[in-house]
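Since the model is a prediction, treat every value here as computed from it, not as a measurement.
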Amino acid sequence: RAWAAMAATARVQVPRLATDLLWVARHTAAGIRAGLHRTTAQGGAVEFSHLRPYRPGDDLKHIDWKGSARTSRLLTRVFTRSATHEALLVLDGSSSMAWGEKPALLRTASAVLATLLLEQGAAAGWLLVTPEGHRRLYPVRGGAFHLSGLVAGLVRRELQGTAETAQLLHTAGQLRQRRSTIMVFSDFYDDEAMRPGLRQLAARGHEVVAVRLL
């Protein structure tokens, strides 16, 4: 349903300004998110997991005094901390991506998914490589302010004429040392050349998502 919702909005008028693209991204993301909510309960970054016997050196503030009184032995509360999910959006700007509506689809699809990620508390950024091999990177961070800058960068940046896609994937692997989700936005015109790079990213433990733009 999420992909169908995004596909249905893909042929909107091409956003020419950052504010236009941000509005399209948030409007589309809101429609997708409606079917994803499962509960209205709110949780924190640190949540209670279970109790275990006290060990020397445990922080006294984590001792469950009521539970300890009932069992006549000291018990320590154990918490789990939720890590921030990180995603890097890899944008293929090769010459085949300059045809027709592909540049607009590239901006819109990447902006929508970045909005979904950031509004769910994840961190996101994007990567483009020029023909000279220079990196154009919007760093992987979180927050509403970061979303505005990320989308504005998509509008300002020329998305055509990047280096070979194999180099793009190699650069993504160098940038993301920790496990992340790596979303590759491309028409996969040269998919044979891209497959080794995609496999290498997956072998390093990254979750690789291929978003094909037609």
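In this structure a side-chain-to-backbone donor-acceptor pair under 3.5 Å is present from Thr71 to Gly67.
Taking the salt bridge (charged side-chain N to carboxylate O under 4.0 Å, His left out) definition, one finds that Arg195 meets it with Asp191, Glu192, sequence neighbours left out. Contacts of Ser110 classified as side chain to side chain donor-acceptor pair (under 3.5 Å), with partners at least two apart in sequence or in another chain: none. Annotation: side chain to side chain contact (heavy atoms under 4.5 Å, CB included) contacts of Leu137 (sequence neighbours excluded): Leu88, Leu127, Leu175. For Gln200, there are no side chain to side chain donor-acceptor pair (under 3.5 Å) partners, not counting sequence neighbours. The side chain to side chain contact (heavy atoms under 4.5 Å, CB included) search around Arg55 returns Arg52, Asp58, not counting sequence neighbours. In this structure Arg141 satisfies the side chain to side chain contact (heavy atoms under 4.5 Å, CB included) test together with Pro139, His146, sequence neighbours excluded. Every residue two or more places apart in sequence or in another chain that forms a side chain to side chain contact (heavy atoms under 4.5 Å, CB included) with Lys61 is listed here: Asp59. By the side chain to side chain donor-acceptor pair (under 3.5 Å) test, Ser96 pairs with Asp187, sequence neighbours left out.
Taken to the nearest 0.5 Å, the CD atom of Glu86 stands 11.0 Å off from the CG atom of Leu117. The structure places CG of Leu89 at 7.0 Å from CG of Leu150, a figure rounded to the nearest 0.5 Å.
Within the 4.5 Å cutoff, side-chain heavy atoms of Val211 are placed close to those of Leu113. Considering only heavy atoms from C-beta on, Leu51 stays 4.5 Å or farther from Thr76 through its side chain. Asp92 places none of its side-chain heavy atoms less than 4.5 Å from the side chain of Leu213. By the 4.5 Å heavy-atom criterion applied to side chains, Val151 and Tyr138 are not counted as neighbours. Using a 4.5 Å heavy-atom threshold, the side chains of Arg136 and Trp126 count as touching. Proximity of Met97 to Leu106: side-chain heavy atoms (C-beta onward) are separated by under 4.5 Å at one or more points. Contact annotation: the side chain of His206 never approaches that of Thr181 to less than 4.5 Å [non-hydrogen atoms, C-beta and beyond]. Between Met194 and Val184, some side-chain heavy-atom pair lies under the 4.5 Å cut-off.
In this structure, Trp65 shares a hydrophobic cluster with Tyr54, Leu60, Ile63, Leu74, the cluster being traced through Ile, Leu, Val, Met, Phe, Trp and Tyr side chains under 4.5 angstrom apart. Here Tyr189 sits alone; no ILVMFWY side chain lies under 4.5 Å from its own, so it joins no hydrophobic cluster.
In plain terms, the two heavy atoms of Val208 and Ala202 that are nearest each other are CG2-N, 3.7 Å. Here the closest non-hydrogen pair linking Leu154 and Leu91 is CD2-CD1, 3.5 Å. Between Phe188 and Ala210, the shortest heavy-atom contact is CZ-CB, 3.5 Å. Shown here for Ala123 and Gly142, the closest heavy-atom pair between the two residues is CB-N, 3.9 Å.
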*What do the steps show when you test Ile182 against Val209 for side chain to side chain contact (heavy atoms under 4.5 Å, CB included), and what is the final call?*
CA-CA 6 Å; Ile182 297 183; Val209 179; over 6 Å; no

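Every pair tested for salt bridge (charged side-chain N to carboxylate O under 4.0 Å, His left out) that includes a residue from residues 63-73 fails, sequence neighbours excluded, so the list is empty. The salt bridge (charged side-chain N to carboxylate O under 4.0 Å, His left out) analysis of residues 144-155, with sequence neighbours excluded, yields no pairs.
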